[in-house]
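Accompanying notes for the structure given below.
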Amino acid sequence: MKPKLVISTGAGMSAESGIATFRDAGGLWEQYPVMEVASADGFARNPGLVHEFYNRRRRELVKAQPNAGHYGLVDLERNYDVYIITQNVDNLHERAGSSHVLHLHGELMKVRALDNEQLVYELSGDNLDTTPTTLIEGHHVRPHIVFFQEAVPNIEPAIKLVEQADVFVVIGTSLNVYPAAGLLHYVRPGIQVYYIDPNPATVPANVHLIKMGAGRGVAELKKQLDHQ
Ligand code: APR
């Protein structure tokens, strides 16, 4: 039985793949008004603007590749049962080959029927764009994204994973957005917590900081775990 390594990743995980984070200088929230392009009210007010915002991010994502950090997490599966909980909506963990990826904030390459949230469709190839009039199987669709002001349905399974962790690792998140930022508090007493971030806004107590980018940081994590 391999030890369970649970990893919570944020936008910094994909920074070295060329995908903008949200709150770094030049980040997405500097370029776009977050409550207009990523909230439930914004989508109700101007769905076309929201569709276009996600269309643009999809077109960037298909040109991006997983980075050394993503592949380093796949390597860790040799000695650990690795479960990734990600705030990221990109599919770079999956494309790198990670076996267990749980998305808290949705998935950029997917849309779902407005009239039935169980109907989820994967976009691919050259039809990456949607608009308010797009019909898939006769249904109008919306991004399969958890907008601000909406519930995070996967937080329950995420908490259960963290409660079972033998090691917990946080990579590339500013720990600004709840409930994701609160996962840290579900770690069992005595379990080692690592935090990989080159420029952390806050460093929680009892956390072992690896002050590096994801690529080098995951390699350093592996070294430290091997000598644990
Ligand atoms: N490697 C690792 N971490 C990095 C790197 C890198 N190369 N570059 C930047 N970072 C770190 C930053 O220092 C910062 O702490 O990544 C973090 C990015 O923080 P945010 O931009 O706030 O992204 P995130 O924490 O994922 O945002 C959470 O907010 O807007 C919502 O839904 C959106 O999922 C997102 C959520």
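For ligands, and for the atoms within them, numbers begin at 1 and follow the listed sequence. Computed over heavy atoms, backbone and side chain alike; hydrogens, waters and symmetry mates excluded.
Polar contact check, N88 against ligand 1: no nitrogen or oxygen pair lies under 3.5 Å apart. Looking at A11 next to ligand 1, an N or O pair under 3.5 Å apart turns up. In terms of N/O distances under 3.5 Å, ligand 1 is not approached by M13. At least one N/O-N/O distance between D197 and ligand 1 falls below 3.5 Å. At a 3.5 angstrom cut-off on N or O pairs, P198 does not count as close to ligand 1. Annotation: Y195 places no N or O atom under 3.5 Å from an N or O atom of ligand 1; distance criterion only.
Under the 30°/60° scheme for interplanar angles, the aromatic rings of H70 and H93 are found to stand perpendicular. Ring-plane geometry between H51 and F43 is classed as tilted, the angle between the planes lying from 30 to 60 degrees on a 0 to 90 degree scale.
For the pair N91/E107, no side-chain contact is recorded, criterion being any heavy-atom separation below 4.5 Å from C-beta on.
From the protein, the heavy atom lying nearest to atom 1 (N) of ligand 1 is A214 N, 2.9 Å. Looking only at heavy atoms of the protein, atom 27 (O) of ligand 1 is closest to R23 NH1, 2.9 Å.
Atom CG of N206 has 12 or fewer neighbouring heavy atoms from other residues, nucleotides or ligands inside a 6.0 Å radius.
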